[in-house]
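Everything on this sheet refers to the single structure shown next.
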Amino acid sequence: MPELPEVESVVRDIRPFVCGKKICDVEIFLPRLVKTDVDAFCISLVGQSIKSVERRGKYILISLGNKKLLVIHLRMTGALIYLEKGSQKSEPYTRIKFCLEDGSRLIYADSRTLGTLHLVDGICELKGLAELGSEPLAPDFSADYLRERLARKKGAIKGALLNQEIIAGLGNIYVDEALFRSGIHPERVALTLEKKELSLLHREIQEVIREALGEGGTTFRDYRNGLGEAGNFQERLKVYGREGKPCTKCGKALEKIRVVGRGTHFCRYCQK
DNA sequence: ATAGATTCCTGGCTGC
DNA sequence: TGCAGCCAGGAATCTA
């Protein structure tokens, strides 16, 4: 499940290899992943050079010479992998191939095929992208921002942290980890968090994202970076996927429950 | 305005 | 051993 650290790793990996190169062909094996007109998608991409590769939330933004923007969301099992010229690797579940002028390729692979690709003129054309909240590591993500955005949220804090309109890029893994580090129960009503808890939560969100970035993200099942390699942060997870195992703080068994429809890992003794 | 349920999708795991 | 059924979950869409 690629979240901010995983998507950022992909972007950092592929950027130096694809920037400045021209796309000479696009092969689409599963057209329904392309959510804008497929013919226009191919026509507008072929012959264009790649100007930049950026990330916003969990979206990958690839800007082209003709000012168009290729927007890729990996969802659950999507992967964007760079293959150099002559590479014999065949990526399983290849859905779309972007062939570059020097013989290298950018492969979009996706086993569960929930990923999306859009070709747009600007960010505002995509609602989910246009309405993203603050980046957790950007200066505008402050403890005050978090307090203001949670002040009217009557649902579980877990749900609010997963809401991309509040914080861009958090997913199930890092929300569970940040709540554990903060000692906050995932079912706490968001607006009941006290100022002290909010500033701790703010700090732990930033810290867990920073650490995960440093480890090249988390490979729990399928995630691979832009070069097809696994991340390392799974070794540092404290609660996600550790139900039944001892809590690293108190030693009692961690539990898994369902909160806002999501599998949620936590310690009932350490998170209040 | 807000929150909850449903939908998409398939590989891998569980249990009979 | 075989297979049905369930689960993983991000985000759009729908309902209340």
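Keep in mind the model is a prediction, meaning the values are calculated, not measured. Just the heavy atoms: all of them, side chains too, but no hydrogens, waters or symmetry mates, feed the values below. So you know, we letter chains A, B, ... as the sequences are listed, proteins then strands, and number each from 1.
Among the atoms of the strands shown, base atoms are found under 4.0 Å from some heavy atom of A:Met76. Counting non-hydrogen atoms under 4.0 angstrom, A:Lys154 reaches the backbone sugars and phosphates but no base. If you check every strand for non-hydrogen atoms under 4.0 Å, A:Gly263 touches sugar and phosphate atoms only.
On a pure distance criterion of 3.5 Å, no polar donor-acceptor pair joins the side chain of A:Arg221 and the base of B:dG11.
Residue whose closest nucleotide on DNA chain C sits further toward the 5' end, between A:Tyr59 and A:His265: A:His265. Looking at which nucleotide of DNA chain B each of A:Arg262 and A:Ala156 is closest to, the 5′-most match is held by A:Ala156.
The side chain of A:Lys35 places no N or O atom within less than 4.0 Å of a non-bridging phosphate oxygen (OP1 or OP2) of C:dA12. Within the 4.0 Å cut-off from OP1 or OP2 of B:dG4, not a single side-chain nitrogen or oxygen of A:Lys158 is found. Side-chain nitrogen and oxygen atoms of A:Arg112 include none within less than 4.0 Å of the OP1 or OP2 phosphate oxygen of B:dG12. Phosphate proximity of B:dT2 to A:Arg152: present, with a side-chain N or O under 4.0 Å from OP1 or OP2. For A:His73 and C:dA11, the shortest distance from a side-chain N or O to OP1 or OP2 is below 4.0 Å.
Counted within 6.0 Å of NZ on A:Lys249, heavy atoms from surrounding residues, nucleotides or ligands total more than 12; the atom is thus considered enclosed.
Counting only distance, with no hydrogens or angles, the side chain of A:Arg112 and the backbone of A:Thr77 share no donor-acceptor pair below 3.5 Å.
Of all the heavy atoms in A:Ser111 and A:Asp222, the pair that sits closest is OG-OD2, 4.4 Å.
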Could you walk me through whether A:Leu64 and A:Ile50 pass the side-chain contact (heavy atoms from CB on, under 4.5 Å) test, one step at a time?
CA-CA 5 Å; A:Leu64 304 164; A:Ile50 294 173; 4.2 Å; yes
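Using a 4.0 Å cutoff on non-hydrogen atoms, no part of residues 160-178 of chain A comes near DNA chain B.
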